[in-house]
Amino acid sequence: MSYNPAKIEKKWQKAWEKTGIYLAPDKVKGKKNFYHLVMLPYTSGDLHIGHWYNFAPADVYARFKRMQGFNVMSPIGFDAFGLPAENAAIKNRIHPKTWTYKNIKKMKKQLRLIGAVYDWSREIITSEPNYYKWTQWMFLQLYKKGLAYRAKVPANWCPSCKTVLANEQVVEGKCERCESEVFQKEIEQWLFKITESAEDLLENLEELDWPENTKTMQRNWIGKSLGWEVKFKAKGLNFSSEIPVFTTRTDTLFGATYLVLAPEHKFIADNLSFITNQRTLKKYIEESKKKTERERISEVKEKTGIEVRGIKAINPVNNREIPIFVADYVLMNYGTGAIMSVPAHDQRDYDFAKKYNLPIIKVVKPKNGSGVSDKAYEGEGVLMNSGRFIGMKSSEAKERIGEWLSQKGLDKKKVYYKLRDWTISRQRYWGAPIPMVFCQKCGWQPVKERDLPVLLPKIKDFRPTTDGKSPLAKSKKFLETFCPKCNGPAKRETDTMDTFVCSSWYYLRYTDSSNEKIFASKQKIKTWLPVNMYIGGSEHIVLHLLYSRFFTRALKDFGYLSFKEPFLTLRHQGIILGSDGQKMSKSKGNIIDPDIQVRKYGSDVIRMYLCFMGPYNQGGPWNIKGIGGVVRFLKRVSGQKSKIRSDESASSNSKENPAFKKLIHQTIKKVKEDIEGFRFNTAISSLMILINAIDKEKEISVINYKILLRLLSPFAPHLTEQLWQEIKPDKLKLKEFKPKDSIHNQPWPEYNPKLITKKQIYLIIQINGRVRDKIEVKVPLNRKIAEELAFSSQKVGKWIKGKKVKRVIFVPGKLINIVI
RNA sequence: GCCCGGGUGGUGGAAUUGGUAUACACGAGGGACUUAAAAUCCCUUGGGUGAAAACCCUUGCGAGUUCGACUCUCGCCCCGGGCACCA
């Protein structure tokens, strides 16, 4: 009954590696390929128990698929470039590369402890030249097709990290990393035109087997809005122009009592000479530029603005003159940067109108005609004060008013998305250099493909500069080059790429990770992709998944891929919190080191405990309290060996207790279905039920014992391998161990559906929906017999005595309910 | 503010289509073995009344639909995550 995980786990990890049993060949006769992928881990250094939670249950699934007869590829690698590496390196005064590779070494050691089916031969590291060569190549393809472009864009500028941040890296107006306040700054940057795919990225979500809320979040992020772009004439002394505004509420046009422009709106600068209050206006615009994101957000309730004097707008539906304002609650980078304001039916407009004493005209009557309030009514209803549209429903009026103006050439249907183009420039050292060269004569030129990779030079001073340029600009050797077009002197782009670029295509590289000619051969892509099962944290719902989908689409359009969705099925794991219920972090000192846990309990126990804790996508606080149950369970499993019936003839199996046999088959079914549904916790509990039953048996046949081991093997691969080898007649010689002998190359047990159909059940007898009796009966059972049985029950008699039976409900195979 | 999740014993959690609420495990209590402890095994374990049989209450709170609700609907409270002036 001894169970010594330290000994057997190391032994089997070595044996598996030596025999390469988890290497996935591109083709295996008679087997279908299955690409099982966990999200590329970032090289942050120590793995904590949260990483295990990502990898260990995911490995259960991979092992299960293997046993089901698939040729499973489960690759692993490292997302090695990135800002955190630099920050940590600066802090510890070592080079980011040294820091990163030290971490990789440690993580590899830790990952091996899991005992997963990783195919290490396919390993990738995104900071290796043979990888980022292809990241750069991807950039060039996007550039060639006009999907990568350079533009001056207002960027989120972190004054402390001295770099531009993606919108997503700004949390509540603060830098995600260092929590400094983020400013808006206009900088020339490289962008990817992800907005061009917005519609397609949205539409295709339907078809994916992804968690529904993940899809919803992507949908919201893309943020499609259907509406109309309406032209408002602008008039002043000797002046006439037009201001287009975007609205989804054409039904409220009659209530538009002023226009509001974003401070950055070109209209102001273009027509400054016609404006009579130039100075105050300019001052306001300057001030709003200086505001940080955070300040703007904190003023959500307190709106500020200033009127543009000397120019009025004309409301196209009634030709009324209305004032124009500039206010920073209107954003330049959405819609047209100008809005029509309908204070009666938009809360923001209402707040603004109240503050500046502007007219509020109600044009939509609420359906249930609720009374007057000091709030805007934003719902739909019936139109009022709207000329010939009075009495029309909002939904209809939206179209009618839109069409009416359209006939007069005053508006057009328009779709806007919240999604913005992806700024990929980073003014940082530790990333893949952007393969572009600037020549005074020829302008920006792409590096020739044959000259890739543009190597990241090893420089000593990699710290960010205060002028906002990449540290690479300090390296003359790197900076000065020749123009790929005219061969004259030229300068390299010194910005590096956002790490999300690196991780947007890595799943392709695993199929062919050492290919020097192409990122992956067509043949290999065809055999493996798209990914069959993708597992990772929900923190990547918006960015990584969207970017990967964008890349896949682009590569398909360029003719390299034949599919546009990279991940057909997606599952998330939850987050493991510290025992204090807080997110694990070094500063809180609540990090659980898996190495210590493994040393104490063994990998199998930790794997199983993580699976058993609760639903996989839920996560929760790490709490060691219940781990003893798993330890006891595995001990009991190894203890069952002594019960194996020596006589192994066919008749021996038939000696088995039929109820027990039935349980075995039920368990096979349950474990299979639970693993398929990522319900690892209930799969384990059904195995525990089986063990409890085996305990009550005096003997167990080899056949059933083998079934037990195979059902358990995805969860506890080491122990089950050991026990599997021990039941062999000849004593195991490790040197002679061959992959085909391994339990992990055995087929998943099949259950016999006939054995698990229920012949007898407890018929539940309810009175008014409350259980009053249970009778063991044979099934199938018809209504008449059920009623007879129910009414002859003594307990029932007691309840219905002297009462009138109103109704009897019979649910075949389940219950009978007597209503009195 | 908006959009997603979630709230079940002392604890982690189960209940697959509206049909036996609390599976499985932890912890706790009692017992066996032992000089003793650990380990192991057995019994009890949602709350209440009761000697027992039995009955009543119980899935965040309040209502509703239903023969029957953890499950569906409405309102409210709390917790977690995401978004945040997107016209």
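Throughout, a chain's letter reflects where its sequence line sits, starting with A, and its residues are numbered from 1.
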Practice prompt. Taking Watson-Crick and G-U wobble pairs with both distances under 3.5 Å, convert RNA chain B into its dot-bracket string, 5' to 3', dots for unpaired and | for cross-strand pairs.
Written response: (((((((..(((......[....)))((((((.......))))))((((....))))..(((((..]....))))))))))))....
Item to complete: Determine: side-chain N/O of A:N692 to OP1/OP2 of B:A25, distance under 4.0 Å, yes or no.
Response: yes
Response to the item:
Against the side chain of A:K795, the closest entry in B:U20, B:A87, B:A54 is B:A54
Worksheet item: If you check every side-chain atom of A:K798, which of B:G19, B:C67, B:A54 has the closest atom?
Response: B:A54
Item to complete: From the options A:Y417, A:Y416, A:W228, select the one residue that forms a ring-ring contact (aromatic ring centres under 6.0 Å, His included) with A:F246.
Response: A:Y416
Item to complete: Identify which nucleotide among B:G68, B:C26, B:C24 has an atom closest to any side-chain atom of A:K625, counting heavy atoms from C-beta outward.
Response: B:C26
Worksheet entry | A:D328, nearest nucleotide to its side chain (from B:A87, B:U11, B:C85) | B:C85
Fill in: Charged tip of A:R549 within 45° of A:W210 ring normal and under 6.0 Å
yes
Worksheet entry | Phosphate contact (B:A87 OP1 or OP2) by A:Y334 side-chain N/O below 4.0 Å | yes
Worksheet item: Is there a side-chain polar atom (N or O) of A:R632 under 4.0 Å from OP1 or OP2 of B:G27?
Response: yes
Worksheet item: Looking only at heavy atoms, what is the nearest atom pair of A:E673 and A:R679, with distance?
Response: O-NH2, 3.3 Å
Discussion item. Check this for me: does any side-chain nitrogen of one of A:K398 and A:E380 sit under 4.0 Å from a carboxylate oxygen of the other?
Written reply: yes
